[in-house]
Asker: 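Dropping the structure in here first, questions after.
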Amino acid sequence: MSYVDYLVRRAIHSVPVIFGLSVLIFLISRVIPGDPVRLALGPEATQQQVAALRAEMGLDQPLPMQYADWLFGVVQGDWGMSLRTNNNVFSDIVARLPATLELTVVTLFFAVLLAIPFGVVAGTNKDRWQDHLSRITALFGVSMPRFWVAIVLQIVFVVSLGLLPLSGRLSDGVAPPPAVTHLYLVDSLIAGQFGTFLDAATHLLLPTVALGLATLAQVMRLIRSDMIDEQRKDYVLAARAYGLPNALIEYKYMLQNAFTSSLTVVGLAFGFLLGNAFLVEIVFAWPGMARYGVQAILYQDFNAIVGVTIVVGIGFVTANFVVDLLYGYLDPRVRLEEG
Amino acid sequence: MSTKTSLPFFDTESAARKERIRQLKRGFRTFAGNKLSLVGLAMILTLVVAALLAPYIAPFPEHAGAGVYFDQASEPPSATHLMGTDTTGRDIFSRVLFGARLSLLMSGIVLSIAISIGVTLGLIAGYLGGTTNTVIMRVTDIFLAIPPTLLAMAVVAATGASLFNVMVAIAFSWWSWYARLVQGEVLSIKEDEFIESSRALGSGWVRTTFKEILPNVVSPITVKATLDMGFVILVGAGLSFLGLGAQPPTPTWGAMIAQGRNYVTSFWWIAVFPGLAISFAVLGFNFIGDGLRDVLDVEVD
């Protein structure tokens, strides 16, 4: 099976998941809140008024019909009005997505980048102090609530040491760079505004650390155990017998295999990262989508909640799709076996 | 062995029991040899005892509820107030102790629900196979496709903020992990001979599944549940940090951190100590789970 066939198969695989996700979100939005008509009209309303509004809102239709209507609207970008901001939920989310994207992608990138050398060192020194140290650090890393780590970082680096900004994406008085991608790090470089780039980077530093520590720990432990599995294989023995330098064996041949099998969990870790971004954005007053979602929940702004859930669900499915693509690319066996 | 006549020289029943005891002893030694898991066990025992005895050992048990003690507001940690006091003068140490009750209870209940649903569905899907398997596992995939924090948030948003709704919401988003874990395990053992012999003896699928297969998937479930006790505490703390859990003045750890967050520039201890308590609890469960994983020799991730 060619790589393209593999891609298509994988893409088709995510269709039922996205479909099911939309059914689930629809059910949460329509069934759980009780009777929206009664809520809207209050207890004084007559039977006729209730029936009239029910028909107007399409709620007298059977559920599958309601779902079809709803899905049709969602696909067209009609995600309903936000009760809090009075804007279309879709445009609200589009305006806030880049900030969340910048935070989560930068976090994931650095978490994986740093996890690689730590995981390799721990895996190649199994049961020595490096391994024990990495194990304990990792257990601490996944045990601390990320929103609390965020607060502790603020107390230490902002309040006590005064080294970094407390919150936000840019300092007061620093104008956002000309919008191209809406990612400040990228846009400021495109515009050649290095001052703005530095300012954006310093604002990003603490949220990234708070959000990424646990992800780093998860991925590091995984690379470690995959490295240990690799070590027992014949090709490693052969390479050592040939007298190849250790660094070459470990970082080129073994890491390539170990990293490939660790990849699947990176997609999963990204899901937890997205969920936690909600909490970390609150702590750092980060103007992202997650914060919008949390405020929507506190204000019972239901269209906005559904919108955010859809976007995060799609983001998570997409991330896992990308992981599958890389997996199939790095390990030809995966795509060949599927045929 | 159901036979009552034991052979004089070779008592099979007690031989089997001895072997079982030997296995348990070996497992215990492996567990005890892992210092981290012993530390974890000690941590969780401390926590459970502290939670049970909270009304008796808390220096100011009345501070667990609402209350205003302005003469001692926002005091830093001292001998009287080990973790300081919050902005209304309540003893944080006392509130943290009562918070331990809520966290452990919440996590235990959530996992009981999630495991009952997930294990049952996983067993049925794995054993029956075919269309049943496809339908159950597709639904499971969908639930796995939403981060648990987020799905729980959506459900709580729809049902209203309370401790009960938080528990239902987390269980609702958590069962799918167990369904997938158990289904995978069942697939790997269902062709084994002891299953076939059970079927040959005339057992129906319910009996075969619950009497023969279930005992064989207990190990991975135990390890995962131990680790999850901690993770559910984390998710629950996150939700109560957002104000979606038990409402004030209930002393949940997450809500206490949320209160302290407004005073990071002046009174650091209000947010720091409840967070330490969360980390302590989660770390304890992780240490135990890590050790159990070695003893039972299972992979759950």
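Within every chain, numbering begins at 1; the chains are lettered A, B, ... in the order of the sequence lines, protein sequences first and strands thereafter.
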Asker: For a quick test of reading the model, state the closest non-hydrogen atom pair linking Leu279(A) to Gly238(B) and the distance between them.
Answerer: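 Looking at all heavy atoms of both residues, the shortest contact is CD2-O, 3.4 Å.
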Asker: Which bit of Thr149(B) comes within less than 4.5 Å of chain A, counting heavy atoms only: side chain, backbone, both or neither?
Answerer: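 Contact with chain A: side chain only.
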Asker: Hydrogens and angles aside, do Tyr292(A) and Thr100(A) bring a side-chain donor and acceptor to less than 3.5 Å of each other?
Answerer: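 Side-chain D/A pair, Tyr292(A) to Thr100(A): absent.
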Asker: Phe273(B) vs Trp268(B) aromatic rings, parallel, tilted or perpendicular, using cut-offs 30° and 60°?
Answerer: tilted
Asker: Against chain B, work out which of Ile282(A), Val149(A), Asn276(A) has the most heavy-atom pairs shorter than 4.5 Å and name it.
Answerer: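 The candidate making the most pairs under 4.5 Å is Ile282(A).
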Asker: Could you check which of Val158(A), Ile151(A), Val23(A) has the highest count of heavy-atom pairs closer than 4.5 Å to chain B?
Answerer: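 If we count pairs closer than 4.5 Å to chain B, Ile151(A) comes out on top.
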Asker: By a 4.5 Å heavy-atom criterion (distance strictly below it), what part of Leu24(A) contacts chain B: side chain, backbone, both, or neither?
Answerer: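 Contact with chain B involves the side chain of Leu24(A) alone.
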Asker: Which bit of Val283(A) is near chain B, if near means a heavy-atom gap under 4.5 Å: side chain, backbone, both or neither?
Answerer: both
Asker: Name the option with the most non-hydrogen atom pairs under 4.5 Å to chain B; the candidates are Phe270(A), Phe316(A), Trp148(A).
Answerer: Trp148(A)
Asker: Are there residues of residues 127-137 of chain A that reach to under 4.5 Å of chain B by heavy atoms, and which ones?
Answerer: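 From residues 127-137 of chain A, the residues near chain B are Arg135(A), Ile136(A).
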Asker: Could you look at Ile155(A) and say if it's the side chain, the backbone, both or neither that has a heavy atom under 4.5 Å from chain B?
Answerer: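 The side chain, not the backbone.
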Asker: Strictly under 6.0 Å, is that where the ring centroids of Phe278(A) and Phe147(A) end up?
Answerer: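 They do not qualify: ring centres at least 6.0 Å apart.
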Asker: Got more than 12 heavy atoms from elsewhere within 6.0 Å of CZ, Phe157(A)?
Answerer: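 Not more than 12 within 6.0 Å, no.
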Asker: Just by distance, with hydrogens left out, do Tyr178(B) and Asp228(B) show a side-chain donor and acceptor under 3.5 Å apart?
Answerer: yes
Asker: Where does Leu276(B) contact chain A at under 4.5 Å (heavy atoms): side chain, backbone, both or neither?
Answerer: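 Its backbone and side chain both get close to chain A.
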Asker: Please find the pair of heavy atoms, one from Gly40(B) and one from Phe287(B), that lie closest to each other, and give the distance.
Answerer: CA-CB, 3.6 Å
Asker: Which answer fits Ile305(A), side chain, backbone, both or neither, if we ask what part of it has an atom under 4.5 Å from a heavy atom of chain B?
Answerer: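 Looking at Ile305(A), just its side chain touches chain B.
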Asker: Under a 3.5 Å cutoff, is there a donor and acceptor pairing between the side chains of Gln259(B) and Thr87(B)?
Answerer: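 Yes, because at least one side-chain N or O of Gln259(B) sits under 3.5 Å from a partner of the opposite role on Thr87(B).
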Asker: Using a cut-off of under 4.5 Å for heavy-atom pairs, which of Val312(A), Asn320(A), Ile25(A), Val308(A) has the most such pairs with chain B?
Answerer: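 Counting heavy-atom pairs under 4.5 Å, the top option is Val312(A).
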Asker: Using 30° and 60° as the class boundaries, would you call the ring planes of Phe26(A) and Trp70(A) parallel, tilted or perpendicular?
Answerer: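 Answer is tilted, since the angle falls between 30° and 60°.
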Asker: With respect to chain A, which residue among Thr265(B), Asp141(B), Val272(B), Leu244(B) yields the maximal number of heavy-atom pairs within a distance under 4.5 Å?
Answerer: Val272(B)
Asker: Would you tell me whether Thr252(B) and Arg101(B) have side-chain atoms, one donor and one acceptor, within less than 3.5 Å of each other?
Answerer: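 The answer is no; no qualifying pair exists.
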Asker: Picking from Gly313(A), Gly20(A), Gly293(A), which has the most non-hydrogen pairs under 4.5 angstrom with chain B?
Answerer: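 The answer is Gly20(A).
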Asker: Ignoring hydrogens and angles, tell me if any N or O in the side chain of Thr85(B) forms a donor-acceptor pair with the backbone of Glu75(B) under 3.5 Å.
Answerer: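 It does hold such a pair.
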Asker: Quick one: what part of Phe280(B) sits under 4.5 Å from any heavy atom of chain A, side chain, backbone, both or neither?
Answerer: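 Phe280(B) has no heavy atom closer than 4.5 Å to chain A.
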Asker: Would you confirm whether the ring centroid of Phe172(B) sits within less than 6.0 angstrom of the ring centroid of Trp174(B)?
Answerer: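 Trp174(B) vs Phe172(B): aromatic centres not under 6.0 Å.
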